[in-house]
Amino acid sequence: MIRSVLTQPSRSKIENEHPASAPLSIHDMTVAYHRKPVIWDIDYTAPIGKLVAIVGPNGAGKSTLINAVLDLVPKASGEVRVFGEEYHKQRNRVGYVPQRESVDWDFPVNALNVVAMGLYRKIGWCLPVLRRHRQTAMEALDRVGMADYAKRQISQLSGGQQQRVFLARALVQDADLYLMDEPFAGVDASTERAIVDILRELRERGKTTLVVHHDLQTVTEYFDHVLLLNMRLVATGPTSEVFTRENLRKTYGGKLALLDQVGHKMTMGESGR
Amino acid sequence: MNSVPIRIGVAMVVVSILFGQLEQSIAGPTHDTRSLSRDRLEWPSADDIKRTLLLRDYNTRIVVLGTTMLGVAAGIVGVFMLLRRRSLLGDVVSHSTLPGIAIAFIMMEMIRPGGGKWLPGLLIGALLAGLAGILCTKLILRYTRIKEDAALAIVLSVFFGAGMALFKAVQYIPSGSQSGLNHFILGKTASMVAADVWVIAEVSVAIVVVIGLLFKEFSLLSFDDKFAAAQGWPVFRLDLLLMLLVAGVTVIGLQSVGLLLVVAMLITPAAAARFWTDRLGRTTLVAGMLGGGGAFCGVLISAMYPRLAAGPVIVLTGVLFFLVSMLFGVRRGIVVRVITHRQLKAAVGRQHILRALFEFLEPKCDPSAPMSLQLVDHIVSTDDLQPMRSWTPKRLRHLLRTAEASDFITAVRDGGYRLTTQGAELAHRVVRNHRLWELYLIEYADIAPSHVDRDADDIEHLLGSDIVESLERLLSQRYPHMSVPPSPHSIDVASDTTTQQAVP
């Protein structure tokens, strides 16, 4: 450790900028697909025990940000630290909820099987899923209100139910940092409530959760912090300070009609409180 | 890219080889005394059939054993190919083996003239070339912007073309012309000997053991590779291992089905298995059984017709298994789907007619007395029911006839019907479910009452007793005295926005 600091002066700089306590810190990260940068020079440190919304227009690189943190796409440059270390060393402290559309729901497994997949790493190579693992998976399904659907083939679940199964799969990992890619996309009202309840429960237990979120109207209600992204980091901080009309305008550029609408709602909400 | 001309080129090469091969195999070896006429297939005698089915011949036993094991291994590997959406990659592997076989033959001939037919050597050449094909596809996908289908087409056709060119070259090597390498293209089970079956058995068992050990890993890889990668599974290497297994199946399948058709042995049983079950373990089991069974039957049939190429017969048997599964599979088979669809449609129709009867009679009944007893007293005509829903007169008559056949209603006099006791009870229950659901939607789902009726229509047919129970609990405080809650919207004809018929 000491030697590495001595031989690599830049290392100490990086470690200063990546506090070991922070669940996630991103330094100068750029990600490109086919030489075209998708996100540029992201600098971000996630606060402990907060719900963070990642907000931005389509194509702003929200999913790419998560994928780059998880080493799913190569980074053109920059550093990511998870609890002060590289992602692959802290993998089991990170829970991931991919977009629901990213998998084939016709796959021949039931809801319980999918949730148990969250435990595969813990179970390890070649070993089978045992009764106690299924028990853990069942408890996670129960937490998202899906215990009755455990044995149902996943194509027979509604979109919201599928999303809850994905959430349960991340919950069984018992991680400290959760990254969720649009968990609220296309879900019914009761699922949305169930997910919000889970998010709040995670926050109470001191977990940090980053959520790619599309519905601007619920950002202030659901999230403590917000990260406004449009290829570059526009603004980040507590929702009450950062989620302003001005910042949204910067994030969304020309889409003023929508913004005015949301901004109107927000100012109405503020004056109402 | 330019995948269409390439495809056509490949198809033409394939077809020409296929015909050449068929011609060759139909012409058959001259020492076959049973083939008296050269231009028609001969039916096997009863004795032949008996000999084959009872596996009396040592040779038949060998071939059946080897091919069945191949079928099982192929079926099991195929499940993951199918689920990982890599079915065509299997085709690339098998086509890519061709130059490997030729090169291995040439190299072995160079080392020791006449030693080129050493099978393990040929199979290793095939395996390496198959993996090279996969590697080329992966490289093209990683370093260019060519789409996957084009990359597959390019690699497949280039390797196959190179293989064909090398096969021509082999013909000029002394002993090359009788080497029988051509049999690898469409398969020739007769060329199989006991030593070959040992190779097939070893590779098959190895494949099944690897799949068994890594079942969990392969299923996660096939279902959600992003999640698998985020969890730290070596996705690329697992993919490569799966490809290695596919290459293994291809290589041991060269002798029986040949490289052109081995992909059918991989994919057909897996696709057929999906019609029988919704669980991965069982899918794998069924695919293995169908693969093994198809190969077993196919090889027996081809044993009875020695002049037919074995590969196509085995594949056609597999396809027959597939068609049977598609029709009669208990989970997703067409017959089951049609039956459940018709049952649902009939149930929906029955509930509609009963609800219409109930709602027509409802205002005529005394609310203080139990409804179900009064319902049977009234006579309803077709004209009364016509405006209750937007149904055609023909559909209404059909529903009435069906209801009458099920003893829910009885015809009394011209055009009049009366509910039977059991019909009244059922109508009571149907309307109760419907209304409970409507109330649930209004109370808990914030849906405007004017939109409720149609939504409830869609869902009431799917309401299980558990949901009805919970609805009853939720709503019993609200309407404690009623067995059927009042309709939240008026039931006159005008409220039904879909009604098109004129009201008499």
Side-chain angles (χ1 to χ4, degrees), chain A residues 33-35 63 66-67 69-74 87-92 94-100 102-110 112-114 116-130 133 148 151-156 166 169-170 173 175 179 181 188-190, chain B residues 79-80 82-85 142-145 209-235 237-238 270-271 273-287 331-332 440-441 444-447 459 462 464 466-467 470:
Chain A
Y33 287 140
H34 291 299
R35 276 174 261 149
S63 297
I66 284 187
N67 289 344
V69 167
L70 295 170
D71 278 344
L72 295 177
V73 295
Y87 170 68
H88 66 87
K89 287 181 186 158
Q90 295 284 359
R91 216 167 234 148
N92 44 18
V94 181
Y96 171 46
V97 180
Q99 281 183 24
R100 183 159 53 85
S102 66
V103 305
D104 172 18
W105 288 94
D106 211 23
F107 202 83
V109 287
N110 62 31
L112 189 68
N113 298 144
V114 173
M117 285 176 186
L119 294 165
Y120 279 9
R121 201 65 213 177
K122 221 170 268 176
I123 297 169
W125 283 96
C126 302
L127 297 173
V129 180
L130 301 175
H133 301 128
D148 293 342
K151 295 284 176 197
R152 200 173 277 199
Q153 206 261 323
I154 51 173
S155 67
Q156 288 161 18
F166 258 18
R169 182 175 69 171
Q173 285 179 268
L179 303 174
D181 206 343
D188 51 287
S190 68
Chain B
V79 169
F80 293 97
L82 185 81
L83 291 175
R84 184 111 178 84
R85 298 170 180 218
R142 179 172 287 189
Y143 292 109
T144 70
R145 301 183 73 166
V209 166
V210 169
I211 294 272
L213 282 174
L214 297 178
F215 190 78
K216 169 170 113 278
E217 287 77 5
F218 281 138
S219 58
L220 177 60
L221 174 78
S222 312
F223 176 61
D224 192 350
D225 53 356
K226 269 180 89 180
F227 184 78
Q231 270 204 327
W233 296 102
V235 165
R237 273 181 244 168
L238 279 171
R274 287 295 282 114
F275 291 108
W276 294 100
T277 171
D278 271 339
R279 302 182 60 172
L280 186 58
R282 285 183 199 164
T283 305
T284 318
L285 206 67
V286 173
R331 278 286 156 191
R332 306 168 155 226
Y440 174 78
L441 290 181
Y444 298 94
D446 286 342
I447 292 176
I459 294 157
L462 308 171
D466 49 336
I467 300 178
S470 69

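Protein chains get the first letters and strands the later ones, always in sequence-line order, with residue 1 at the start of each. Small disclaimer: the values here were computed from a predicted structure and weren't measured.
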Query raised in the report: Hey, mind stepping through A:Val103 and B:Lys226 against side-chain contact (heavy atoms from CB on, under 4.5 Å) and telling me if it holds?
Result: CA-CA 9 Å; A:Val103 305; B:Lys226 269 180 89 180; over 6 Å; no
If I measure from the heavy atoms of chain B, does [X] come under 4.5 Å with its side chain, its backbone, both, or neither?
X	value
A:Asp71	neither
A:Val94	neither
A:Ser155	side chain
A:Asp106	both
A:Arg91	side chain
A:Leu179	neither

Short side-chain to backbone donor-acceptor contact, [X] and [Y], under 3.5 Å:
X	Y	answer
A:Lys151	A:Asn110	no
B:Glu217	A:Cys126	yes
B:Lys216	A:Gly124	yes

Report summary line: Value for CZ (B:Arg84) from CG (A:Asp104), rounded to nearest 0.5 Å, stands at 12.0 Å
Quick one: of [options], who has the most non-hydrogen atom pairs under 4.5 Å with chain B?
options	answer
A:Asn67, A:Val129, A:Ile154	A:Asn67
A:Gln173, A:His88, A:Gln156	A:Gln173
A:Trp105, A:Phe107, A:Tyr96, A:Phe166	A:Phe107

Under 4.5 Å from any heavy atom of chain A - which part of [X]:
X	answer
B:Arg142	neither
B:Arg85	side chain
B:Arg331	neither
B:Leu238	side chain

Report task. Check the surroundings of atom CZ in A:Arg121: do more than 12 heavy atoms from other residues, nucleotides or ligands lie under 6.0 Å from it? Result -> yes
Report task. Report the C-alpha distance between B:Leu280 and B:Leu83 in whole Å, list the side-chain angles of each, state the deciding distance to 0.1 Å, and finish with yes or no for side-chain contact (heavy atoms from CB on, under 4.5 Å). Result -> CA-CA 10 Å; B:Leu280 186 58; B:Leu83 291 175; 3.4 Å; yes
Requested in this report: Classify the ring geometry between B:Trp233 and A:Trp125 as parallel (under 30°), tilted (30 to 60°) or perpendicular (over 60°).
Outcome: perpendicular
Requested in this report: Work out which heavy atom in B:Ser222 is nearest to a heavy atom in B:Phe80; give both atom names and the distance.
Outcome: OG-CD2, 3.6 Å
